[in-house]
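Following: one structure in structure tokens, then a few remarks.
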Amino acid sequence: MSPINSFLCERGIVNKTKSYNPSCVWDTESGMSLFKARDWWASVLGEGEEFDQGCLCVGDLDNSGSGYDKIVVGSYMGMLRVFSPQPVKPGEPSPADSQLLEVQLRDPVIQVEVGKFVSCSDLLHLAVLHPRKLSVYSVSGTAGNVEHGAQYQLKLIYEHNLQRTAFNMTYGTFGGSLCIQSMDGMLMFFEQESYSFGRFLPGFLLPGPLCYCCRTDTFLTVSSARQLESYRYETLAVATEAETRQDADQLSKSAGKRLMADWTLVLGEQALDLCAPSFSPTSSSIFVCGERNLYCLKDNGQIRFMKKLEYNPSCFLPYASVSEDTTNILLGNHNNMLLVYQDVTLKWAAQLSCSPVAIRLANFPDLRGVVVTLSSEGHLQCSYMGTDPSFFSTPKVDSREQDYAQMDTEMKSLQRVIREATRSQAGRTPTLEVVTVCFQAWVAWSASRIQFPFHILKVLSGRVVLACQSVLCLTLRCCCSTGVGSTTVVAFSAFLNGPYPPADLTGDVAVSYCTSTGIPRVAQCQFCLPLRLVCRPSSPSKNAKYKITVDTNNPPVNLCEVFPASCPHGQYKLLQMQLLSFPSHPSERYRIQSESFEDIWLVVKELVQRFDHHFARLGVKDFQNSFAGPIPLAEYFETVDHHFELRVNAEKYQDLLSERAIQFRAIQRRLLTRFKDKTPAPLQNLDTLMEGTYRQVIALADAAEENRACLDQAFARLRSATHLLILLVTLWQGLSTDQKAILEATLLPLLQDTPQLGWEESVDAAVSHLLRTCLSRSPKDQALSLSTAQLSMPKDTARLKKHITLLCDRLGKGGRLSLASEANAPTPVMMPGQPHGVLGLERRARVSFTALFRAFPHTPRPTSVCVRPPPPRVIEF
């Protein structure tokens, strides 16, 4: 009788007199199994979380001494859970007390392991690997005073902050206890609470699986060259130490002990996982699960056996066999199957409910040898092999004899149809089915809402999707179509949905439809909402706090021609054009002024675009807008400081909420204990304290929500101010389109702030990179590699403001933005607005435009466009 049948007989699942042949329960072609894995316990973890092969481990984590295991699961969302499964009946949910612990960690969990990781202690501890940190915890349980059971706590013993991003780890009985492999190929060794040393693997490109063989004291990994490599711990310890990979390569060529692999084996494929279990003190085996093959090697690198797989494996686990000189292997695949091999012989196959990415064996009070599987979506399942048959029945195959004459006739008819279709298509001109989205510039304007029609051509049956910024609301009004191939008119309305103007008036239209042949297509178009949505005409203000002056190289124009929609009929008498005569080169200026710095952005952008369109329509080829400076950095930094202050307040509110929530839960527990006590005792004002704490929690939550709304508004204003800064720098230095795109990617890397990554640290890192590369003082000062420091919220904005000031200063001195490393070659810069002569003939125009722009009632600060140089001689029209 086979070992698997012996195992099933012990469970009372199969009859001892009957032996099951795996060939009758497993169909290699269809990937179906007659038997399903019998569910003992199952749970679904979280919602929208992701898991991988390192996120599962089992062990007696709380050191209960009973010999029973606990299940530890970590996720990429930072959730750490500990389970002690209990059997449930089919169809019933798992009891709540099966979950012992659930903790939200700050960083994603890459791998979890249970072992002896604390010096001078034989207790088991939990090691949690994060991208930039290694933490070791102890889990302890305290008996509860009520019937809800014991309470488990997670206590941090020690942690190591990693200088490099981690990929995976392994542990064993080598000089240290933990070894971490980084993304750049460095093995970092830790001896419990202290860091031991680190070594770079030679010829490294991409990280692979890592394990430790205790019998030979070697580390095994699969490199990007698709070969298995073995390194002795002694060789790693005495090799030359280097701070970077470049230093390691140079030292290995010049001096020091070069790190060499003990032996290598070419696999020819990438490995999913590898394992080196030690079932016997005299011999050990190395198992490698590849994409198409399963390898078993001796500890010296010689192949013991190899199994070619006819499916895509997802995970595997070798375990001890009852037969001598054999090893059992549990192997899961992407067909939701769990296979049991004894060396290369398939012994059993069972169907799971999902595809596993990690598999372990565990012992529980009611059952030993339970198979624990975890899927990438968070389906945690404890099962065992059984003989419950599946109700799937293989359909009968029609075994009638083939009529070759009928098949030949059918083939000839099909070939004739193909030839006729090919001949007809070759005779006519091919037509391309195109969907064109046309957005019209004219609008039907009312007091608070603007309606926009746009046309869609040749839509058979489609779906229209509109998208814009959150402060703007788009409402689809109607959709009219007159037939196939005709023009479809879609009208929608747009209006402000907040007390502040948006940073951008552009939006996107996406039309998804199907062609006449049934092929799905998507047509996209970008539209720009008119400025009248957020601005309206108003009288100019003589005194304004912020002023921006835009220069042109052409005579002044009538602003009613540039802004025809803002000059109603009969109000041209309010438009004044004053011409000033100066003895110098002609230069025309237009001034935009406002009580808010960031509100100038939309008006300046519209003015520059209108000027370009107006002079292009007149046939002026050398027209150019410019800005004479200086760059208003002080005003811009006020917006930055306001946004950063709100971010700091958000963190303070979060900390206060956490403290009050902990206090509220502690009071609840004490009150519950008092109420559960058989002998009544006075509450000692606990109810009053609980009510006061509850009010504080509600007040803090409301304040945090209000601060969140203010932060969204501040970020929108910061985006507007940043857009204005980019436009002014572009006009100031005459940047090209590519250079402007680099500057936008540097100063506007985020569309929205997140708690994990904010605007300040992102921009500071991007600007620092430009200052070290293309804007460095000399080629010798250029940085050779990117900074790998983890981004975190700064203490203040002094460093950021200093870097932005240096960026503008080096651009003003001839710096050039480029992604190439040699981009810091100085180029001559023509400063706009620089006089070409003294006391020469020059005409300067002063344009006072009364029908200018002020924000809607949500934003009472007026913005106006005018030109105000000193007035010598005035000629009025």
Side-chain angles (χ1 to χ4, degrees), residues 28 52-54 111 167-170 172 179-187 199-233 235-236 245 258-279 283-319 326-335 337 339-346 355-359:
T28 57
D52 207 347
Q53 61 182 3
Q111 190 174 347
F167 178 74
N168 56 11
M169 69 174 177
T170 185
C179 175
I180 299 177
Q181 180 180 203
S182 66
M183 293 292 290
D184 57 352
M186 184 179 189
L187 296 182
R199 298 292 184 266
F200 284 97
L201 296 177
F204 181 85
L205 181 61
L206 294 174
L210 177 70
C211 76
Y212 172 72
C213 181
C214 59
R215 184 176 180 275
T216 57
D217 196 22
T218 57
F219 290 88
L220 304 167
T221 184
V222 179
S223 65
S224 55
R226 297 184 174 182
Q227 64 180 7
L228 179 63
E229 300 177 353
S230 173
Y231 297 91
R232 291 187 177 274
Y233 176 76
T235 306
L236 291 167
R245 172 158 295 279
R258 185 177 181 182
L259 181 59
M260 295 288 293
D262 188 27
W263 54 264
T264 60
L265 176 67
V266 177
L267 301 177
E269 60 179 334
Q270 188 60 39
L272 300 180
D273 197 4
L274 59 90
C275 183
S278 180
F279 303 133
S283 63
S284 62
S285 300
I286 301 170
F287 293 88
V288 182
C289 181
E291 296 174 341
R292 286 294 180 183
N293 298 279
L294 177 65
Y295 303 89
C296 178
L297 315 174
K298 299 180 180 180
D299 52 16
N300 58 0
Q302 296 180 0
I303 296 180
R304 179 170 292 171
F305 64 82
M306 171 180 155
K307 172 67 176 177
K308 182 175 178 60
L309 305 177
E310 299 178 359
Y311 44 82
N312 294 326
S314 59
C315 58
F316 88 122
L317 177 68
Y319 67 98
T326 60
T327 303
N328 287 357
I329 303 169
L330 287 175
L331 200 148
N333 60 20
H334 291 285
N335 295 329
M337 297 302 303
L339 311 176
V340 181
Y341 286 92
Q342 189 176 47
D343 290 344
V344 295
T345 305
L346 178 63
S355 299
V357 296
I359 183 171

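Computed from heavy atoms alone, side chains included, the values below leave out hydrogens, waters and symmetry copies. Sequence positions, counted from 1, serve as the residue numbers for this chain.
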Report the distance from atom [atom1] of [X] to atom [atom2] of [Y], rounding to the nearest 0.5 Å.
X: L294; Y: F305; atom1: CG; atom2: CZ; result: 6.0 Å
X: F204; Y: M183; atom1: CZ; atom2: CE; result: 7.5 Å
X: Y319; Y: I329; atom1: OH; atom2: CD1; result: 9.5 Å
X: L228; Y: I286; atom1: CG; atom2: CD1; result: 6.5 Å
X: S223; Y: Q270; atom1: OG; atom2: CD; result: 8.0 Å
X: E229; Y: T264; atom1: CD; atom2: OG1; result: 6.5 Å

Any idea which heavy atoms bring [X] and [Y] closest together, and the distance?
X: S285; Y: P277; result: O-CD, 3.7 Å
X: G301; Y: L265; result: O-CD2, 4.0 Å
X: E291; Y: E269; result: N-OE1, 3.1 Å
X: R232; Y: T216; result: NH1-O, 3.4 Å
X: C179; Y: F219; result: CB-CE2, 3.8 Å
X: F287; Y: C296; result: CE2-SG, 3.6 Å

- Could you walk me through whether K298 and I303 pass the side-chain contact (heavy atoms from CB on, under 4.5 Å) test, one step at a time? CA-CA 6 Å; K298 299 180 180 180; I303 296 180; over 6 Å; no
(Q) When you compare the side chain of N328 with that of Q342, does any pair of heavy atoms fall below 4.5 Å? (A)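 Of all side-chain heavy-atom pairs linking N328 with Q342, at least one is under 4.5 Å.
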Exercise for review: Mind running side-chain contact (heavy atoms from CB on, under 4.5 Å) on T327 and D343 for me, showing each step along the way?
Suggested key: CA-CA 6 Å; T327 303; D343 290 344; 4.2 Å; yes
Notebook entry, point to check: Where do L274 and V288 land on the side-chain contact (heavy atoms from CB on, under 4.5 Å) test, with the steps shown first?
Noted result: CA-CA 4 Å; L274 59 90; V288 182; 4.2 Å; yes
| Where do S230 and L220 land on the side-chain contact (heavy atoms from CB on, under 4.5 Å) test, with the steps shown first? | CA-CA 5 Å; S230 173; L220 304 167; 3.5 Å; yes
Would you confirm whether [X], through its side chain, and [Y], through its main-chain N or O, come within 3.5 Å as a donor-acceptor pair?
X: D52; Y: G54; value: no
X: S314; Y: G332; value: yes
X: N300; Y: Q302; value: yes

Legend entry - side chain to side chain contact (heavy atoms under 4.5 Å, CB included) partner of Y231, chosen from L259, D262, L187: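 Among L259, D262, L187, the one meeting side chain to side chain contact (heavy atoms under 4.5 Å, CB included) with Y231 is L259.
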Next on the checklist: For T221, run the side chain to side chain contact (heavy atoms under 4.5 Å, CB included) check against N168, T170, L201 and tell me which one passes.
Outcome noted: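 Between T221 and the candidates, side chain to side chain contact (heavy atoms under 4.5 Å, CB included) is satisfied uniquely by L201.
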M306 atom CE: more than 12 heavy-atom contacts under 6.0 Å:
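For M306, atom CE is crowded (more than 12 foreign heavy atoms under 6.0 Å).
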